[in-house]
S.K.: 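Submitted below is the structure of interest, expressed as structure tokens.
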Amino acid sequence: MSRRLSRYSRYTGGPDPLAPPIDLREALEAIGQDVMEGTSPRRALSELLRRGSKNMAGADKLAAEANRRRRELLQHNNLDGTLADIKKLLDEAVLAERKELARALDDDARFGELQLDSLSPSPAKAVQELAEYDWRSQEAREKYDQIKDLLGREMLDQRFAGMKQALENATDEDRQRVNEMLDDLNELLDKHAKGEDSPEDFQDFMAKHGQFFPENPSNIDELLDSLAQRAAAAQRFRNSLTEQQRAELDSLAQQAFGSPSLMNALNRLDAHLQAARPGEDWDGSQRFSGDDPLGMGEGAQAMADIAELEQLAEQLSQSYSGASMDDVDLDMLARQLGDQAAVDARTLAELERALMNQGFLDRGSDGKWRLSPKAMRQLGQAALRDVAQQLSGRHGERDTRRAGAAGELTGATRPWQFGDTEPWNVTRTVTNAVLREAGTGERPLPVRITVDDVEISETETRTQAAVALLVDTSFSMVMENRWLPMKRTALALNHLVSTRFRSDALQIVAFGRYARTVTPAELTGLEGVYEQGTNLHHALALATRHLRRHPNAQPVVLVVTDGEPTAHLEDYEGDGHSSVFFDYPPHPRTIAHTVRGFDEVAKIGAQVTIFRLGSDPGLARFIDQVARRVGGRVVVPDLDGLGAAVVGDYLGAKRRR
């Protein structure tokens, strides 16, 4: 029996079908962090797409690769290729002819030597002067004919990709077919310019000359696009030559295929293309340097490649108004940088599209982009997950997802995990074991219970709490890099309360020169502004109002601050029209008003915990005295542990209650 061998290679048909899906959670966390640091959501998304991630190449990397490739084309090539080839063929032809003449003894041979001695040093003029020369050497004649053949192929290769190789060793019949194609093409473009062409004219032309157009255009506009791009590149190639090089090539071009008819047809074609596509770059040029000589067709291709690379670099920069990764031409990217680059760009476009279409970003009535409630839930979950890991490492607490260690059953169950103390749900546990063993084909009795079968009954705490989280938003929080940890702490606590302790009422109060209640989304997008004042008095007044709105709930006040109170409201009546008094060092009146605010929350019976950031001795003295006065607690966490400290204190208070 014959053996069939299978060979496997890398998948090249686009994105890897077995690749993992786009990780929106990782992307959203990166965007959320930038937003919390003061970047707008749309800008944060653009920055993510530009820099990428550890598992995803960004647009900046792709743009850098495009620029590197462009520099290589400019630095490693020069434009003397065709002229150097012609000079080499001419020297070889003249040398072969001199050898043949040296062996002859007649006067015509001496006259021929005189003609060769008087040839112009310019290769272009020398080729013209030898047009009527009667060659004696067959090798010399063939070399000279190669010059004309090379010129014709180079001129065509500038306009039609691959023509130089296709017409190598071409016959007179092949050259005649090229001339017919050019005549028919110019006739078709004449009719198109006058609006007299029809789809049938285009189809007839492609049926007759389709082998010259590997791009296989489907209509005349696509044909014009492909021809104009390459013709414009050929013109930029010409613009990049020196005056002497242009003059020599123009002179040589008249010798292409042994007559000026080819050049005349190409000039006519260029006129049609410039009129039909004036938006192409017909006037640009590039400066080449290096040791790798380019022919005219290769130079035109290099020009086209450089133009595409510049276009890709602009698309990937995403620096223009309304930029989107969908703007990137993936076919062009694959052509210039390879299939993997196109896959990377497609991944970025899909990520951008998914974040927009799945509702993580939305635009408000003022036209500004914001993180949606869905995005805020994801950010809160991520912040709480980080806090839970810290709590687990510090206090042996496993996970903050549980609904309560003891209390009323919620009716919900979930799989048991290490560290859970909730009661087993016997019905669900036994059912899981029976279903598992039934699937294995084993005898149903006795039922064997494994750890994976166990489910527990979730409970909820019986005590409702009214929680006021007061966060310092003065500029010192920004200056000392406490801005981001403060926001992540608030998000973690809000997510915990809104998902696991829904009966609790949480209010976030941000205080700088003034205090105001903020939603998690508002706090996330809050930018640091330089303004003097740490108005803890106003924040305590708003917290007191919140606690009094929930008279049957256990009041809890959590304060996060890094500076002494330096501002207070004069004649505060809760109407928002009171004036702010500021002074530094703290004025005795400010201290008195702030202490009175703590006394008010203490009268309600609130549990007060103050989280002191930094090492300000004045703040330490003030907080210690206030804590003793109201029976509160003082916690001095490091920045990395702020979230764990606040959430841990809240959970500890829940257990104590």
Side-chain angles (χ1 to χ4, degrees), residues 390-391 394-395 465 467-477 479-483 485-486 489-490 493 508-513 515 532-544 547 554-569 581-657:
Q390 292 179 326
L391 286 173
R394 294 183 181 184
H395 307 298
V467 184
L469 175 61
L470 281 53
V471 291
D472 189 345
T473 56
S474 60
F475 197 68
S476 61
M477 294 285 286
M479 293 285 291
E480 299 298 333
N481 297 320
R482 296 161 184 156
W483 195 249
M486 174 271 292
T489 296
L493 182 61
I508 302 174
V509 180
F511 63 95
R513 190 175 185 86
Q532 295 176 313
T534 303
N535 199 337
L536 183 54
H537 165 239
H538 191 187
L540 289 168
L542 296 178
T544 302
L547 300 180
Q554 174 63 47
V556 177
V557 175
L558 308 173
V559 182
V560 178
T561 185
D562 71 343
E564 297 177 82
T566 56
H568 68 274
L569 294 184
F581 175 87
F582 166 79
D583 194 19
Y584 184 84
H587 194 279
R589 278 212 318 277
T590 300
I591 298 297
H593 278 76
T594 306
V595 170
R596 193 175 302 121
F598 276 109
D599 289 342
E600 289 296 322
V601 298
K603 288 179 183 178
I604 303 174
Q607 300 176 15
V608 178
T609 304
I610 305 173
F611 300 88
R612 176 169 63 84
L613 303 178
S615 56
D616 182 1
L619 175 64
R621 287 193 300 271
F622 172 75
I623 286 179
D624 289 343
Q625 293 174 5
V626 166
R628 283 195 296 270
R629 181 183 181 94
V630 300
R633 299 174 63 243
V634 177
V635 180
V636 187
D638 55 32
L639 281 181
D640 291 337
L642 176 61
V646 173
V647 172
D649 186 82
Y650 169 76
L651 291 173
K654 297 288 288 185
R655 287 193 293 270
R656 288 192 296 273
R657 292 194 296 274

S.K.: Heavy-atom distance under 4.5 Å between the side chains of Val630 and Val601, does that happen here?
M.R.: no
S.K.: Under a 3.5 Å distance rule, please check whether Arg621 uses its side chain to pair with a backbone N or O of Ile623 as donor and acceptor.
M.R.: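 Such a contact is absent between Arg621 side chain and Ile623 backbone.
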S.K.: Are any of the side-chain heavy atoms of Arg482 and Leu639 separated by less than 4.5 Å?
M.R.: yes
S.K.: Going from CZ on Phe581 to NE2 on His593, what distance comes out if it is rounded to the nearest 0.5 angstrom?
M.R.: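 Between Phe581 CZ and His593 NE2, I get 10.0 Å after rounding to 0.5 Å.
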S.K.: Do any N or O atoms from the side chain of His538 and from the backbone of Ala515 form a donor-acceptor pair under 3.5 angstrom?
M.R.: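 Judged by distance alone, yes, a pair lies under 3.5 Å.
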S.K.: Say whether Thr594 and His537, considering side chains only, have a donor N or O and an acceptor N or O under 3.5 Å apart.
M.R.: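 The criterion, which ignores hydrogens and geometry beyond distance, is not satisfied for His537 and Thr594.
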S.K.: In sequence, state the C-alpha distance, the side-chain angles, and the governing distance for Val635 and Ile610, and then conclude on side chain to side chain contact (heavy atoms under 4.5 Å, CB included).
M.R.: CA-CA 6 Å; Val635 180; Ile610 305 173; over 6 Å; no
S.K.: Can you name the nearest heavy-atom pair linking Val467 to Tyr650, along with the distance?
M.R.: CG2-CE1, 3.7 Å
S.K.: Salt bridge check, Arg589 against Asp583: does any charged N sit closer than 4.0 Å to a carboxylate O?
M.R.: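 Between Arg589 and Asp583 there is no salt bridge, as every charged N stays at least 4.0 Å from the carboxylate O atoms.
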S.K.: Is there a donor-acceptor contact under 3.5 Å from the side chain of Arg513 to the main chain of Gly533?
M.R.: no
S.K.: Thr534 and Thr561: side chain to side chain contact (heavy atoms under 4.5 Å, CB included), yes or no, with the steps?
M.R.: CA-CA 9 Å; Thr534 303; Thr561 185; 4.2 Å; yes
S.K.: Does any N or O in the side chain of Thr473 come within less than 3.5 Å of the main-chain N or O of Phe511, such that one atom is a donor and the other an acceptor?
M.R.: yes
S.K.: With side chain to side chain contact (heavy atoms under 4.5 Å, CB included) as the test, would you mind laying out the steps for Thr590 and Glu564 before giving the verdict?
M.R.: CA-CA 10 Å; Thr590 300; Glu564 297 177 82; over 6 Å; no
S.K.: Any side-chain heavy atom of Val560 within less than 4.5 Å of one from Asp472?
M.R.: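 A side-chain contact is absent here, since even the closest heavy-atom pair is not under 4.5 Å.
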S.K.: Do Pro637 and Leu613 have side chains that get closer than 4.5 Å, going by heavy atoms?
M.R.: yes
S.K.: For Val559 and Val471, run side chain to side chain contact (heavy atoms under 4.5 Å, CB included): C-alpha distance rounded to whole Å, both residues' side-chain angles, the deciding distance at 0.1 Å, then the answer.
M.R.: CA-CA 6 Å; Val559 182; Val471 291; over 6 Å; no
S.K.: Report yes if some heavy atom in the side chain of Thr544 is under 4.5 Å from a heavy atom in the side chain of Pro555; otherwise report no.
M.R.: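 Not touching, per the 4.5 Å side-chain cut-off.
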S.K.: So does Pro586 get a backbone contact from the side chain of Thr566, meaning a donor-acceptor N/O pair under 3.5 Å?
M.R.: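 Answer holds: no.
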S.K.: Can you tell me how far NZ of Lys603 sits from CZ of Phe598, rounded to the nearest 0.5 angstrom?
M.R.: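 Interatomic distance, Phe598 CZ to Lys603 NZ, rounded to 0.5 Å: 15.0 Å.
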S.K.: Please find the pair of heavy atoms, one from Val557 and one from Ala606, that lie closest to each other, and give the distance.
M.R.: CG2-CB, 4.0 Å
S.K.: Less than 4.5 Å apart, any side-chain heavy atom of Arg629 and any of Val595?
M.R.: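 In short, these two side chains touch, coming nearer than 4.5 Å.
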S.K.: Using side-chain heavy atoms (C-beta onward) and a distance below 4.5 Å, is Pro565 in contact with Asn535?
M.R.: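 Sidechains of Asn535 and Pro565: no contact.
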S.K.: Do Leu470 and Leu558 come close enough that some side-chain heavy atom pair is under 4.5 Å?
M.R.: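 A side-chain contact is absent here, since even the closest heavy-atom pair is not under 4.5 Å.
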